[in-house]
Amino acid sequence: MTGFAVGLLLGAGAPVTEAAGIAAELARRDWQDSPGLVYAAGGGGRAEVFAAHGCASLPCRRPLDPDTRFHAGSVAKTMTAYAVLRLAAEGRLELDHTLDQYLAVPEDWPAITLRQLLDHTSGLRDYWTLASLAGKASADLRTQAEALALVRRQHRLNFPPGSQFLYSNTGYLLLAEIVERSSGQPLATWLEQQVFTRLGMHDSLVQDEPLMIIPGLAAAYRRDAEGEVVPDPLFSGVTGSGNLVTTVADLLRWGEYLLGAEINGQALLELMAAAPELPDRSPVAYGLGIGIGQHRGRPSFHHGGANAGYRAHLMLLPEESLVVAVLTNAGWLRAETIAAGVADMALGSEAGPPDQALAPDEAEIFREHAGLYRLDNGALVSLRLVDTRPVLQIMGSAHLLENLGDNRYGLAGGEVTLSADHRRRRATLTLRLGDTVLSGQRQQPARVSAAKLRRISGDYCSPELAACWKLQANGDGLALEIPGQAPVRLAALRTDLYLEWDTADLVIRLHRDRRGRVRGFDVTVERVWQLDFERAR
């Protein structure tokens with residue numbers, strides 16, 4: 001199974017989807033007794049844009065304001081990368097040295113460089129995904145030591161280091177340890193002294209203890225399956241990949257520093273913008289701790305963050321010296337889209353990106369092509385409508401498509417073309433990403449007898465997760481039970497391949513012994529590939 005990293009994760013409920021007029025749209029919403037967001041933009045002598053909507057906690061004891069602290073999730077990676085680049089400039093580490101020169105790692109891991117940790121080409125399985133597969137919820141206590149122990153139990157990588165790009169929090173978890181070994185200080189202390197104090201970011205810190213009491217921190221929320229707003233807290237002491245606590249004002253200071261700073265005479269952003277060159281020449285829109293892109297034809301740098309019910313986005317437009325920061329405690333809001341709209345507002349632009357919603361007749365045509373497709377390289381993709389918007393889902397990541405007409409749809413860096421025979425029975429999807437062209441046919445679930453499903457049913461355990469799952473025959477498919485999570489319904493693509501049919505988020509491939517008995521399986525999700533389970537009974 002081959003995975004793809006694509007950028008836009010869909011929010012639940014009724015999220016903001018267009019950047020045009022975003023301030024007016026947010027202002028029109030009813031934020032009474034609701035979590036919300038704070039956003040700001042400034043720099044380059046431009047008057048600062050600022051707004052706050054909603055409550056810091058429910059019931060609404062206090063509204064969100066400029067001083068409210070939030071978890072900023074993976075925006076922390078920009079700071080971890082900065083620490084590594086600074087220490088490299090001081091001669092305390094080398095980006096092209098291998099990981100085992102700094103830390104004890106499993107003997108069966110191949111050589112991985114620090115640069116590959118930074119640019120997500122290490123192949124290491126993602127820690128947060130592994131923890132979820134082991135049954136941990138976002139509200140469970142997490143420590144750095146437990147996270148490292150889970151990572152070091154992994155005996156297989158997703159792919160050989162340097163061969164592909166796949167976003168992985170594990171690399172930054174390990175980089176936090178390397179910063180401590182190289183500087184003699186925990187990452188939290190190094191950032192406190194070298195960044196927060198020096199830049200006047202007095203409301204920022206790195207939470208390195210799960211139960212740390214943080215004054216002024218907004219409580220986080222999500223929507224459950226019934227649409228009700230429920231608490232979604234974070235109790236984590238895992239550093240490097242996240243756990244940055246900050247305010248929008250402090251994020252603006254950090255962004256302005258990134259725009260103007262130099263390391264040994266070279267612009268910091270130029271150093272961070274060094275995207276990896278992959279063997280197949282696939283373009284990568286990520287450098288060393290920062291995303292690389294464009295906003296309305298202008299170069300942009302950015303990083304998002306998502307953990308528990310917190311969402312964040314930091315956006316830099318160097319040509320305009322503009323910094324945009326968005327922080328929210330409502331997990332269904334899309335901070336990235338809001339940041340784009342705030343940038344437009346700060347730049348005086350009223351034009352928004354195309355509305356991806358399809359007209360009723362267009363939606364009906366698209367719906368005829370919806371379903372699960374298997375591409376030439378074995379990758380499974382799902383095509384579906386979400387609130388009248390066309391979505392391509394690849395290994396857990398959802399990408400909004402722009403209708404180009406004639407059954408052609410645009411997505412970042414590529415295009416999707418749909419075709420079908422005259423009876424609409426045989427549908428084909430063609431995906432173009434850069435120079436790569438992949439095609440595939442729409443799939444139908446395979447029929448598996450009840451007797452065969454019962455023989456698959458049982459308990460399966462993963463030594464790498466130190467956790468067990470249960471497969472149970474359920475109608476014409478299987479129910480997968482992961483500790484602490486709702487059962488997941490699986491359908492068969494073929495006799496020994498089962499998956500979540502609507503999204504293809506999770507794929508299980510059965511392993512059999514010489515007598516044909518199921519002895520285990522491997523599971524592939526977006527950021528963890530071919531994780532082995534052995535049959536317990």
Run the numbers on Phe159 and Trp529 for ring pair (Phe, Tyr, Trp, His ring centres under 6.0 Å), then give the verdict. CA-CA 9 Å; Phe159 49 79; Trp529 302 354; 5.7 Å; yes
Between Tyr286 and His303, does the ring centroid distance fall short of 6.0 Å?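 Yes; His303 has its ring centre under 6.0 Å from that of Tyr286.
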Does the ring centre of Tyr172 sit less than 6.0 Å away from the ring centre of His120?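 Yes, close enough.
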Could you walk me through whether Tyr39 and Val324 pass the side-chain contact (heavy atoms from CB on, under 4.5 Å) test, one step at a time? CA-CA 8 Å; Tyr39 65 75; Val324 178; 5.9 Å; no
Between [X] and [Y], is there a side-chain N and carboxylate O pair less than 4.0 Å apart?
| X | Y | value |
| --- | --- | --- |
| Arg509 | Asp496 | no |
| Arg125 | Glu464 | yes |
| Arg408 | Glu415 | yes |

Give the C-alpha distance, both sets of side-chain angles, the deciding distance and a yes or no for side-chain contact (heavy atoms from CB on, under 4.5 Å) between Asn307 and Trp128. CA-CA 10 Å; Asn307 213 329; Trp128 284 96; 3.5 Å; yes
Check whether the side chains of Asn158 and Gln164 place a donor and an acceptor atom closer than 3.5 Å, and report yes or no. no
Regarding Tyr167 and Ser74, do their side chains bring together a donor and an acceptor under 3.5 Å, going by distance alone?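 Their side chains do contain a donor-acceptor pair, which is all the 3.5 Å distance test asks for.
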Check Arg142 against Tyr127 and note the closest heavy-atom contact, atom names and distance.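 Minimum heavy-atom separation between Arg142 and Tyr127: NH1-OH, 3.5 Å.
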Minimum heavy-atom separation for Leu327 to Ala312, with atom names?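 Where Leu327 meets Ala312 most closely, the heavy atoms are CD2-CB, 3.5 Å.
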Verify, without hydrogens or angle tests, whether [X] (side chain) and [Y] (backbone) share a donor-acceptor contact under 3.5 angstrom.
| X | Y | answer |
| --- | --- | --- |
| Lys77 | Ser241 | yes |
| Ser382 | Asp502 | yes |
| Asn329 | Gly36 | yes |

Arg298 and Glu320: salt bridge (charged side-chain N to carboxylate O under 4.0 Å, His left out), yes or no, with the steps? CA-CA 9 Å; Arg298 303 173 173 94; Glu320 287 76 21; 2.7 Å; yes
Please report the interatomic distance CZ(Arg527) to CG(Leu124), rounded to the nearest 0.5 Å.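 One gets 13.5 Å once the value is rounded to the nearest 0.5 Å.
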Residue pairs passing the salt bridge (Lys or Arg N to Asp or Glu O under 4.0 Å) test with at least one member in residues 282-293, sequence neighbours excluded, are none
Would you tabulate the side-chain donor-acceptor contacts of residues 467-482 under 3.5 Å, counting partners in other chains and residues two or more places apart, or write 'none'?
from, atom 1, to, atom 2, distance (Å)
Trp469, NE1, Leu133, O, 2.9
Lys470, NZ, Asp459, OD1, 2.8
Asp476, OD1, Arg489, NH2, 2.4

Ring pair (Phe, Tyr, Trp, His ring centres under 6.0 Å) partners for Phe521, two or more places apart: Tyr460, Phe533
